[in-house]
There are 4 protein chains.
Amino acid sequence: MRADAQRNQEKLLAAAAEVFAGAGVDAPIRQIAAKAGMGVGTIYRHFPTRSDLVVAVFHHQIEECAQAGPRLLAETDSPFAALHRWTDLFVDLLVTKHGLAQALQSDSSRFAPLHAYFLDRLLPVATQLLDAAAEADEIQPGTHPYALLRGIGNLCIGHDDDPRYDPRRLIALLLQGLRRPALT
Amino acid sequence: MRADAQRNQEKLLAAAAEVFAGAGVDAPIRQIAAKAGMGVGTIYRHFPTRSDLVVAVFHHQIEECAQAGPRLLAETDSPFAALHRWTDLFVDLLVTKHGLAQALQSDSSRFAPLHAYFLDRLLPVATQLLDAAAEADEIQPGTHPYALLRGIGNLCIGHDDDPRYDPRRLIALLLQGLRRPALT
Amino acid sequence: MRADAQRNQEKLLAAAAEVFAGAGVDAPIRQIAAKAGMGVGTIYRHFPTRSDLVVAVFHHQIEECAQAGPRLLAETDSPFAALHRWTDLFVDLLVTKHGLAQALQSDSSRFAPLHAYFLDRLLPVATQLLDAAAEADEIQPGTHPYALLRGIGNLCIGHDDDPRYDPRRLIALLLQGLRRPALT
Amino acid sequence: MRADAQRNQEKLLAAAAEVFAGAGVDAPIRQIAAKAGMGVGTIYRHFPTRSDLVVAVFHHQIEECAQAGPRLLAETDSPFAALHRWTDLFVDLLVTKHGLAQALQSDSSRFAPLHAYFLDRLLPVATQLLDAAAEADEIQPGTHPYALLRGIGNLCIGHDDDPRYDPRRLIALLLQGLRRPALT
DNA sequence: TATGAATGAGGCTTCATTCAT
DNA sequence: CATGAATGAAGCCTCATTCAT
């Protein structure tokens with residue numbers, strides 16, 4: 001029976017992820033319930049607020065991304081390179097799980113738990129990477145990790161609306177701008 | 001009556017701007033009508049679709065911003081400096097008129113006229129500035145003006161949610177990243 | 001100046017007739033005003049209620065139809081033939097002035113003045129024709145003129161929706177059914 | 001729950017039938033919801049469009065009427081008599097379920113499903129009856145069953161507005177007019 | 001425990017009608 | 001007088017959320 005419940009949870013999370021990607025994180029609950037093959041009541045039982053569901057949906061991905069930070073830092077001699085590669089993973093997270101970027105930028109009161117979880121896990125990672133790069137004198141200091149996360153998150157919005165818009169390129173420019181020596 | 005109507009229009013646009021700033025461009029029409037002290041019908045008469053109203057609200061600002069581009073370019077010897085100062089004005093537009101950034105990022109089908117107007121006016125300006133800077137060899141070529149506009153627009157989202165997030169600093173870094181010589 | 005007013009009135013009535021034909025007698029007043037090139041206030045001034053306007057629009061046609069009855073009766077030896085030809089004119093009125101049939105069947109409280117005027121003018125004519133035919137022993141007695149008018153009116157509804165539906169043929173059958181000797 | 005829902009459905013259909021009869025098929029959904037003692041959402045859940053509701057309300061009656069046709073034809077030697085009795089049932093349907101006649105006459109785009117269902121069930125019946133009567137040489141051929149249905153439907157409009165108007169008598173005359181031998 | 005039926009608040013939009021100019 | 005701007009009631013419809021089964 002536990003296995004059943006497990007299976008159901010996964011079906012729900014998969015359905016929610018799909019719907020969030022297709023219709024945004026404000027998609028009707030009924031739509032998710034329908035795709036998951038269950039009643040809306042079941043969803044409300046497990047995830048009383050929409051934010052709870054969103055957190056659950058993005059939990060794994062955020063976790064993986066968080067864990068990649070220290071690993072990348074250990075794997076290379078250049079903290080800046082590690083930072084760069086980590087932002088790539090972060091962007092993957094945001095553009096693959098369409099809906100996450102939207103949820104993160106959304107009116108802060110809604111999705112507050114998602115914000116909290118997101119920052120709780122990723123802010124230390126970004127801090128570590130930035131600090132390491134600054135200590136190695138590869139970048140100028142003074143950029144708040146929060147600003148970096150949020151900036152990258154914002155740049156990922158609408159990533160597939162128009163071929164002229166390539167968030168990775170802009171992010172690369174942003175990181176380039178961090179490098180020393182600063183050009184006037 | 002013309003004078004009255006004129007006054008009303010202005011009251012409406014002011015109210016809409018205020019409401020858009022406070023509650024986003026999806027705020028209920030009723031709320032705007034209430035703030036403007038008029039019936040909803042009056043708004044629908046002048047602006048049949050929400051997008052029409054949004055365009056009207058942002059029209060002046062966009063216009064001013066567009067006209068500033070060539071002027072700045074003429075005023076300085078460094079096209080890059082002109083570009084930088086123009087992006088400052090552009091950011092002013094986006095952060096002052098809170099709601100514009102949101103509207104620009106919003107699902108393209110809604111607010112299509114706003115998108116069209118926005119690009120119609122500002123894309124040529126951004127193109128001119130980028131081209132001039134590239135020709136002066138101050139920046140590397142290859143950045144699409146559309147990407148720049150949209151990237152800056154995205155970076156301005158949520159500009160006042162958190163003091164740690166300063167879009168101007170990120171944009172400065174982005175522009176810095178455009179400069180020659182490119183650092184690896 | 002009187003001539004001007006006259007011209008305006010006619011323009012209004014023509015516009016109303018056209019709109020009634022195209023969009024029914026419940027068409028928005030603004031639509032009529034727009035087609036007539038005048039403000040809605042002007043229409044309200046001359047025709048305080050919608051019914052007043054409808055009456056005015058159909059006045060001429062109803063009048064002509066009413067006057068044709070006695071003339072047809074005088075022109076022929078067969079009152080039944082006169083009746084038949086008169087119903088043809090009546091049907092012309094209803095199918096040409098699309099909207100009249102609709103208005104006549106419409107919820108009796110609205111358009112009451114139209115009903116009143118319509119019956120005031122046409123009921124005596126229908127009565128005269130039916131009585132003459134009955135007295136000439138061409139039709140069986142006992143059919144109320146009101147029922148005949150209304151029945152024909154109803155049969156004209158939707159006259160152009162479907163080629164399979166031909167009100168004139170049905171009306172011919174109805175009149176045929178009135179003839180003597182009655183077949184069981 | 002199934003039992004409850006069933007009961008609710010019936011309450012809704014009864015309320016809708018009553019409201020349609022009293023206020024026409026364009027009556028506000030809220031009014032129906034109020035009379036049924038439920039929220040508007042419940043109605044929209046079961047009947048997404050107004051037409052769906054109208055079809056459901058008239059479904060049983062139309063079905064019974066359709067089934068009566070062949071039975072009447074089998075019960076008598078005179079196809080014309082069967083036709084006459086069937087039109088009586090048809091008129092019962094239209095005058096009892098006030099609102100059906102209105103809906104059938106209404107602008108074809110709305111209530112299209114009702115039109116379709118109505119014709120799908122009743123046109124074959126009318127065809128069979130007319131054909132049988134024509135083959136028995138009791139009526140003249142050449143009347144389209146669609147025209148007959150629609151004509152009778154139209155004649156039933158406003159059946160209770162005025163005591164002078166008796167649709168059954170007019171319909172009897174219409175059928176009489178179909179009989180052989182045709183009188184000039 | 002899962003379900004999905006029911007509720008009803010809330011946003012949208014259209015016009016009939018009034019009335020200031 | 002003519003105008004048409006403004007009002008706001010009224011209908012529509014969509015979900016978020018609750019709760020009986």
Side-chain angles (χ1 to χ4, degrees), chain A residues 1-2 4-5 8-9 12 23 26-34 36-50 53 110, chain B residues 1-9 11-12 23 26-34 36-50, chain C residues 1 4-5 8-9 12 23 26-34 36-50 53 110, chain D residues 1-9 11-12 23 26-34 36-50 110:
Chain A
M1 203 56 174
R2 180 61 54 88
D4 256 38
N8 254 322
Q9 279 281 50
L12 168 55
D26 289 320
I29 293 286
R30 301 190 64 102
Q31 193 176 334
I32 299 169
M38 60 183 61
V40 292
T42 310
I43 297 182
Y44 274 98
R45 163 174 302 273
H46 294 308
F47 304 100
T49 76
R50 179 177 291 265
L53 179 56
R110 311 168 54 221
Chain B
M1 197 65 173
R2 181 61 57 85
D4 252 41
Q6 180 75 21
R7 208 109 23 86
N8 247 314
Q9 281 275 29
K11 214 165 49 168
L12 167 55
D26 289 320
I29 293 287
R30 280 228 237 251
Q31 191 177 334
I32 299 170
M38 59 182 62
V40 292
T42 308
I43 297 182
Y44 279 102
R45 157 184 294 274
H46 295 304
F47 305 102
T49 75
R50 179 178 293 267
Chain C
M1 203 55 176
D4 257 35
N8 255 321
Q9 280 280 48
L12 167 56
D26 289 321
I29 292 285
R30 302 189 64 101
Q31 194 175 335
I32 299 168
M38 60 181 62
V40 292
T42 311
I43 296 182
Y44 275 97
R45 163 174 303 275
H46 294 307
F47 304 99
T49 76
R50 179 176 292 265
L53 178 57
R110 312 167 55 221
Chain D
M1 200 65 171
R2 183 61 55 86
D4 253 40
Q6 180 75 19
R7 209 108 23 87
N8 248 315
Q9 281 276 30
K11 214 165 51 168
L12 167 56
D26 289 319
I29 292 286
R30 279 227 237 252
Q31 191 177 336
I32 298 169
M38 61 182 61
V40 294
T42 307
I43 297 182
Y44 279 103
R45 157 185 292 275
H46 296 304
F47 305 102
T49 74
R50 180 177 292 267
R110 311 169 53 222

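Residue D:H46 has a polar side-chain atom (N or O) positioned under 4.0 Å from OP1 or OP2 of E:dA6. Listed pair B:T42 / F:dT7 meets the phosphate criterion, a side-chain N or O lying under 4.0 Å from OP1 or OP2. An OP1 or OP2 oxygen of E:dA5 is reached within less than 4.0 angstrom by a side-chain nitrogen or oxygen of D:R45. At the phosphate of F:dA6, OP1 or OP2 sits under 4.0 Å from a side-chain N or O atom of B:N8.
Between the CG atom of C:L53 and the P atom of E:dT17 there is a distance of 12 Å, rounded to whole Å. Put simply, CZ on A:R110 is 14 Å from P on F:dC15, counting in whole angstrom units. Taking atom CZ of residue C:F47 and atom P of nucleotide E:dT17, one finds them 15 Å apart after rounding to whole Å. The interatomic distance linking B:L12 (CG) with F:dA5 (P) rounds to 14 Å, in whole Å. Atom C1' of nucleotide E:dT1 and atom CD of A:Q9 are separated by 13 Å, given to the nearest angstrom. Distance D:Q31 CD to F:dA10 C1': 12 Å, rounded to the nearest Å.
When the side chain to side chain contact (heavy atoms under 4.5 Å, CB included) test is applied to A:Q9, the partners found at least two apart in sequence or on another chain are A:L12, A:H46, A:F47. Residues meeting the side-chain hydrogen bond (donor to acceptor under 3.5 Å, both in side chains) test with D:D26, sequence neighbours left out: D:R110. Partners of D:Y44 by side chain to side chain contact (heavy atoms under 4.5 Å, CB included), not counting sequence neighbours, listed by chain and number: D:I29, D:V40. The side chain to side chain contact (heavy atoms under 4.5 Å, CB included) test applied to B:R45 returns C:R30, not counting sequence neighbours.
The residue among C:I43 and B:M38 whose nearest nucleotide of DNA chain F is located toward the 5' end is C:I43.
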Pairs under 3.5 angstrom, nitrogen or oxygen only, protein versus nucleotides 11-13 of chain F, please.
residue, atom, partner, partner atom, Å
F:dC12, OP1, D:R50, NH2, 2.4
F:dC12, OP2, D:I29, N, 3.2
F:dC12, N4, D:R30, NH2, 3.1
F:dC13, OP2, D:Y44, OH, 2.5

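The two residues A:A33 and A:G39 make their nearest non-hydrogen contact at CB-C, 4.0 Å. Closest heavy-atom contact between A:A27 and A:R50: O-NH1, 2.8 Å. Taking all atoms of both residues into account, the shortest heavy-atom contact from B:A36 to B:K11 is O-CE, 3.3 Å.
Between D:I32 atom CD1 and D:T42 atom OG1 the span is 13.0 Å, to the nearest 0.5 Å.
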Quiz item: If pairs are Watson-Crick or G-U with both distances under 3.5 Å, what is the dot-bracket string of DNA chain E, marking crossing pairs with [ ] and pairs to another strand with |?
Solution: .||||||||||||||||||||
